[in-house]
Participant: 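Let me begin by handing over the structure; questions about it come next.
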Amino acid sequence: MTGRGRTCKAKSPDIKCAKSTSKPEEIKHESPPRCTRKDFKEEKQKGATKEQKPKVQKKTSSSDENPSAQSIRKEKTTKHFTEEVSKQQSTPADNKKAPVQGRQAETTEPVTKSKKMQPKGTTEDSPKTTKEKKCVRKEKSPEQSREETKVQPEDIKTAKTCNAKDKIPETKMQPVRPKENPKADRCEGKVDTILSTTLNKLKIKRDEKSYTSKVVNELVDAILSHLKQNTQCFKEAVPLRTGSYYENLKISNPDEFDVMLAIPVDRVDVSPFGDDGAFYSVELKRGNSPLKRFEESSTLSASKMLGEFRAEVKECAKKYTEWEVTRKKKGCPAVTLIRTVQSITVSLDIVLSLVVKSSWPSFTKEGLQIDSWLGTKVKREYKWEPYYLVPKFEGRGTKEKDGVLAKDTWRVSFSHIEKAILKNHGSQKTCCEKEGERCCRKDCLKLLKHLLSLLKENNSSFEKFCSYHAKTTLLHACCSRTKDTDWGASSLSQCFRLLLEDFVSHLEEGILNNFFIPTQNLLSSLSRNTCNSLARCIREECDKGFPIFK
DNA sequence: CATGTTCGCGAGTGC
DNA sequence: GCACTCGCGAACAT
């Protein structure tokens with residue numbers, strides 16, 4: 001996407017440096033599979049066995065997470081899951097058990113039923129227009145089933161208002177579209193086309209993906225084995241592939257890869273640095289840690305540790321002459337390597353991080369409000385996960401507080417959770433799975449990211465906006481429009497407009513809270529003017545049918 | 001053109 | 001560690 005190689009790309013505030021270009025990123029981490037998936041899998045295996053195709057499998061990617069932790073967590077997860085799943089999620093659980101007979105039919109979602117009765121591709125569907133067909137697929141509540149096309153927007157709106165707890169002053173954007181206005185309908189149809197064409201353009205080509213990932217994986221493997229063989233402090237690093245590429249949210253080109261190398265630390269004291277709960281200083285409790293040598297007056301110095309990490313990565317990369325290590329960027333936790341692969345300039349961010357396996361900082365208490373979207377047990381599961389700290393600071397690094405310099409502080413990261421949420425994003429477990437309904441949540445996010453990056457190209461004053469803002473907006477939106485039916489794949493344009501409305505509201509208020517740490521306002525460093533100006537641009541695009549995409 | 005199938009990659013699992 | 005398996009999403013076929 002746009003900018004590789006810029007100062008720091010904007011990765012999530014968690015991980016990346018503040019600058020931004022376009023991408024939200026996260027860290028991923030190979031977390032134990034959510035139970036859902038597991039259960040689902042099991043069930044599938046029992047029932048519909050799939051034909052296994054002989055694949056030429058290549059990579060043996062090792063997900064090596066700290067073994068002990070892994071097993072512990074695994075156990076935990078599985079256990080919870082099974083228990084909780086059966087207890088709590090009555091609907092999904094039912095689905096699993098009786099997939100064959102209209103799951104959900106009796107429960108709350110009539111939708112599936114209708115789908116069941118009219119599988120795609122049957123003759124019943126054939127006479128319908130495309131649009132109608134889609135509507136059928138999309139789940140709706142009974143009253144909505146007829147008058148499909150027209151009703152949808154209202155439908156969504158309603159849902160929104162219902163759950164719109166935190167919605168602020170209703171500065172609404174142009175109404176989603178009057179119901180009985182044929183012309184408007186036509187326009188909306190055009191917008192549909194524009195959006196889906198745009199999405200198609202944003203797709204990553206298979207062969208590009210194939211050869212870029214090959215060179216990236218080679219280098220990552222080399223760095224890992226270098227660290228294992230030549231260092232003490234970094235030898236336990238566990239790779240977590242994070243960022244939009246690995247979340248299947250990368251648009252346009254496979255040119256940005258993010259790999260976090262996570263160093264397990266046991267027993268640390270983590271204290272807030274600053275008052276928004278995003279930055280922390282870290283103190284090692286145990287005496288024998290190899291990380292002791294990065295201490296600076298009893299706190300673990302992020303800058304020292306990153307400095308040495310960078311040197312090791314550089315050392316290793318020397319042997320790979322096609323790759324170039326870019327200059328260190330102030331406050332940025334990544335060592336960025338660049339190389340050109342068949343005319344694509346690929347950049348790989350290797351991000352140092354610490355894995356902290358203890359409960360999340362108290363600032364996260366009010367965050368992650370996914371209860372009504374993904375469920376309370378899913379939330380509880382996530383909160384069992386460790387969290388990550390990346391060597392990142394704001395400003396010049398010389399600010400001091402309680403004897404700690406900003407440059408020696410760490411920022412929390414929940415990229416692994418973001419990744420997990422995006423992967424398993426439905427309120428129904430089967431959302432977007434083969435047997436489930438498709439939703440447009442990810443498509444909406446891709447479009448928003450793309451819109452943002454185009455607007456940034458046109459106006460340099462927008463450079464501080466980053467794709468993480470887009471991602472955060474989506475996460476909040478999913479918490480206010482929680483049902484999968486609120487995001488039906490056939491309602492793309494309406495859903496996208498609502499998402500833009502959300503984004504515009506955040507901009508106009510100047511407030512976009514970190515999804516995990518609500519006390520941190522991701523827009524705090526942006527001026528009101530800039531925010532308002534971006535809001536105006538977005539409204540305009542929205543009102544005019546997205547000429548910028550054409 | 002829409003839908004179904006194949007392919008490549010990432011990633012989990014079990015040996 | 002390795003081989004196998006599966007899900008996702010792009011590409012291809014029908």
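Small disclaimer: the values here were computed from a predicted structure and weren't measured. Order of the sequence lines sets the chain letters (A, B, ...), proteins ahead of strands, with each chain counted from 1.
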Participant: Expressed in angstrom and rounded to an integer, what is the separation of A:Asn248 atom CG from B:dG8 atom P?
Facilitator: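 In whole Å, B:dG8 P lies 17 Å from A:Asn248 CG.
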Participant: Which one, C:dA10, B:dG8, B:dG10, comes nearest to the side chain of A:Ser210?
Facilitator: B:dG8
Participant: Just checking A:Lys190: does its NZ atom have more than 12 heavy atoms from other residues, nucleotides or ligands closer to it than 6.0 angstrom?
Facilitator: no
Participant: Once you round it to whole Å, what is the distance between P of B:dG10 and CG of A:Asp221?
Facilitator: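 About 10 Å, once rounded to whole Å.
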Participant: Distance alone, cut at 3.5 Å: any donor-acceptor contact between the side chains of A:Glu312 and A:His226?
Facilitator: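 Side-chain D/A pair, A:Glu312 to A:His226: present.
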Participant: Phosphate oxygens OP1/OP2 of B:dA11: is one of them under 4.0 Å from a side-chain N or O of A:Lys419?
Facilitator: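 Checking A:Lys419 against B:dA11: at least one side-chain N or O falls below 4.0 Å of OP1 or OP2.
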Participant: Between A:Asn217 and B:dC9, is there a contact of a side-chain N or O with OP1 or OP2 at under 4.0 Å?
Facilitator: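 No, no such contact exists.
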Participant: Choosing from B:dC9, B:dA11, B:dC7, which nucleotide comes nearest the side chain of A:Arg206?
Facilitator: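 The answer is B:dC7.
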Participant: Find the distance A:Lys429:NZ to C:dC8:P and express it as a whole number of Å.
Facilitator: 14 Å
Participant: Per the side chain to side chain contact (heavy atoms under 4.5 Å, CB included) rule, which among A:Val313, A:Val346, A:Val259, A:Leu337 passes with A:Leu219?
Facilitator: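 So, applying the side chain to side chain contact (heavy atoms under 4.5 Å, CB included) to A:Leu219 and each of A:Val313, A:Val346, A:Val259, A:Leu337, only A:Leu337 qualifies.
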Participant: Are the aromatic rings of A:Phe546 and A:Phe496 close, with centres under 6.0 Å apart?
Facilitator: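 Judged by ring-centre distance (under 6.0 Å), A:Phe546 and A:Phe496 do meet the cut-off.
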Participant: Rounded to whole Å, please give me the gap between CD in A:Glu247 and P in B:dA11.
Facilitator: 10 Å
Participant: A:Tyr211 has an atom OH; how far is it from atom P of B:dC7, in whole Å?
Facilitator: 20 Å
Participant: Rounded to whole angstrom units, what separation is found between the CG atom of A:Asn424 and the P atom of B:dA11?
Facilitator: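 Rounded to the whole Å, the gap is 15 Å.
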Participant: Could you check which of B:dA11, C:dA11, B:dG8 has an atom nearest any side-chain atom of A:Lys209?
Facilitator: B:dG8
Participant: Would you indicate whether the side-chain heavy atoms of A:Asp486 and A:Cys495 approach each other to under 4.5 Å?
Facilitator: no
Participant: Pick out which of A:Lys442, A:Arg481, A:Gln494 makes a side chain to side chain contact (heavy atoms under 4.5 Å, CB included) with A:Trp487.
Facilitator: A:Arg481
Participant: In degrees, rounded to 10°, what is the bend between the two ends of the helix from B:dA2-C:dT14 to B:dC15-C:dG1, using five pairs at each?
Facilitator: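 If I round to tens, the end axes sit 20° apart.
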Participant: In terms of side-chain geometry, is the basic nitrogen of A:Lys379 or A:Asp371 positioned less than 4.0 Å from the acidic oxygen of its partner?
Facilitator: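 Salt bridge: yes.
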Participant: Starting from C1' on C:dA10, measure out to CZ on A:Arg438 and report it in whole angstrom.
Facilitator: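 Nearest whole value for this atom pair: 12 Å.
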Participant: Reckon A:Lys442 has a side-chain N or O less than 4.0 Å from the OP1 or OP2 of C:dG9?
Facilitator: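 Yes, within the criterion.
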Participant: Take atom NZ of A:Lys205 and atom C1' of C:dC12, then tell me their distance rounded to the nearest Å.
Facilitator: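 Taking atom C1' of C:dC12 as the reference, NZ of A:Lys205 is at 14 Å.
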